[in-house]
Amino acid sequence: MFAKIEHGPLMDRVYRHQRHFYDATRKYYLLGRDPMIAGLNPPEQGSILEIGCGTGRNLVLAGEAYPNTSLYGIDISNEMLNTARKKIAVAGLGDRARLAYADAARFDPEALFGRREFDRIFISYAVSMIPQWQDVMREAVSHLTPGGALHVVDFGDLRDLPAFSRSALYKWLKWYHVTPRNDLFEVADALATATNAQTESHRLYRGFAWISVIRREA
Ligand SMILES: C[S@@+](CC[C@H](N)C(=O)[O-])C[C@H]1O[C@@H](n2cnc3c(N)ncnc32)[C@H](O)[C@@H]1O
């Protein structure tokens, strides 16, 4: 329905080959994903959407941790979605999961999945890759059920790392089109104030990873 998704070809180029060894390598530095999933705590038979679902690794873990939930994922890379579809099928979660190609900055879940709202939405290491990440978070909050929550995990400000490691890491991340969002918590707080929601801010691994949670009123 959206004629042109320009960020998609870039993401396909980045992940065309990487997707084959993505999960094996990323487990060493996409930290905080498992604590984020452990904190989702959705209601029984609730719905969970991952924005920027990549290889489907997180959706599989969420599906195993929360057995009666429905799983949804969107991504702007068809290459990643191909891997995610296979991974979800191998995990035996195909009947509970639906994936769709979409741009997180302007997606219509009603058209994609036939539902407007989700009990939990999470974004794992994608806000640092999406130029319009603040719009994505705003849009995500607008698709929460009453009492629902948005969980975002990503690189933190790396504040407690030695200056040398920090600057080397920033250079390396830039190579992968990644920009840590040092104002993530402020943006989440402003969004929560505007929508009458509550926030939680978690700093993990000496500031390497951050988890931001925005909870909508019940
Ligand atoms: C670093 S990967 C993270 C994948 C997965 N969430 C994880 O934690 O392993 C970022 C993902 O976001 C996707 N992505 C980037 N920009 C996007 C956008 N505008 N809309 C939807 N997905 C996007 C990429 O294609 C990629 O799969």
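Note: hydrogens, waters and symmetry copies are ignored here, and every other heavy atom, side chains too, is used. All residue numbers in this chain count up from 1 along the given sequence. Note that the coordinates shown come from a computational prediction; the quantities given were computed from them, not determined experimentally.
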For the residue pair [X] and [Y], establish whether any side-chain heavy-atom pair is separated by less than 4.5 Å.
| X | Y | answer |
| --- | --- | --- |
| W133 | I123 | no |
| M137 | V141 | no |
| F113 | S70 | no |
| P146 | E217 | no |
| T199 | F185 | no |
| L173 | T179 | no |
| Q134 | R181 | no |

Please confirm whether the backbone N or O of [Y] pairs with a side-chain atom of [X], one donor and one acceptor, at under 3.5 Å?
| X | Y | answer |
| --- | --- | --- |
| D154 | S128 | yes |
| R206 | D160 | yes |
| R138 | L191 | no |
| R116 | P109 | no |
| Y125 | L31 | yes |
| D75 | G54 | yes |

Heavy-atom pair of closest approach, residues [X] and [Y]:
| X | Y | answer |
| --- | --- | --- |
| A126 | G52 | CB-CA, 4.4 Å |
| G63 | L93 | CA-CD1, 4.3 Å |
| A84 | G56 | CB-N, 3.7 Å |
| K87 | T55 | CD-O, 3.3 Å |
| G73 | L59 | CA-CD1, 3.9 Å |
| I211 | G32 | CD1-O, 3.7 Å |

Let me see the working for T195 and R216 under side chain to side chain contact (heavy atoms under 4.5 Å, CB included), right down to the final yes or no.
-> CA-CA 8 Å; T195 55; R216 211 187 132 180; over 6 Å; no
Distance in Å, [X] [atom1] paired with [Y] [atom2], rounded so as to fall on 0.5 Å steps:
| X | Y | atom1 | atom2 | result |
| --- | --- | --- | --- | --- |
| C53 | I76 | SG | CD1 | 12.0 Å |
| I48 | Y66 | CD1 | OH | 7.0 Å |
| L99 | N78 | CG | CG | 11.0 Å |
| I88 | T83 | CD1 | OG1 | 11.0 Å |
| D119 | Q45 | CG | CD | 10.5 Å |
| R203 | S212 | CZ | OG | 10.0 Å |

Test of understanding: with ring pair (Phe, Tyr, Trp, His ring centres under 6.0 Å), list the residues that count as partners of [X], not counting sequence neighbours.
| X | value |
| --- | --- |
| Y176 | W172 |
| H143 | F107 |
| F118 | Y72 |

By side-chain hydrogen bond (donor to acceptor under 3.5 Å, both in side chains), N182 pairs with (sequence neighbours left out) Y170
By side-chain contact (heavy atoms from CB on, under 4.5 Å), A104 pairs with (sequence neighbours left out) I51, I74, I130, V136
Residues in side-chain contact (heavy atoms from CB on, under 4.5 Å) with A89, at least two apart?
->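 Partners of A89 by the side-chain contact (heavy atoms from CB on, under 4.5 Å) criterion come out as none, since no residue qualifies.
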Would the number of heavy atoms belonging to other residues, nucleotides or ligands and lying under 6.0 Å from CD of E64 be above 12?
-> yes
Using the side chain to side chain contact (heavy atoms under 4.5 Å, CB included) rule, take N82 and R85 through it: C-alpha gap first, then chi angles, then the decisive distance, then the call.
-> CA-CA 5 Å; N82 286 340; R85 283 196 186 93; 3.8 Å; yes
Would you say the side chains of T69 and R96 form a donor-acceptor pair under 3.5 Å?
->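 Yes, side-chain donor-acceptor contact under 3.5 Å.
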Please test V152 against W210 for side chain to side chain contact (heavy atoms under 4.5 Å, CB included), starting from the C-alpha separation and ending with a verdict.
-> CA-CA 8 Å; V152 179; W210 282 355; over 6 Å; no
Start with the C-alpha distance between L49 and R120, add both sets of side-chain angles, then the distance that settles side chain to side chain contact (heavy atoms under 4.5 Å, CB included), and finish with yes or no.
-> CA-CA 6 Å; L49 167 68; R120 298 291 180 270; over 6 Å; no
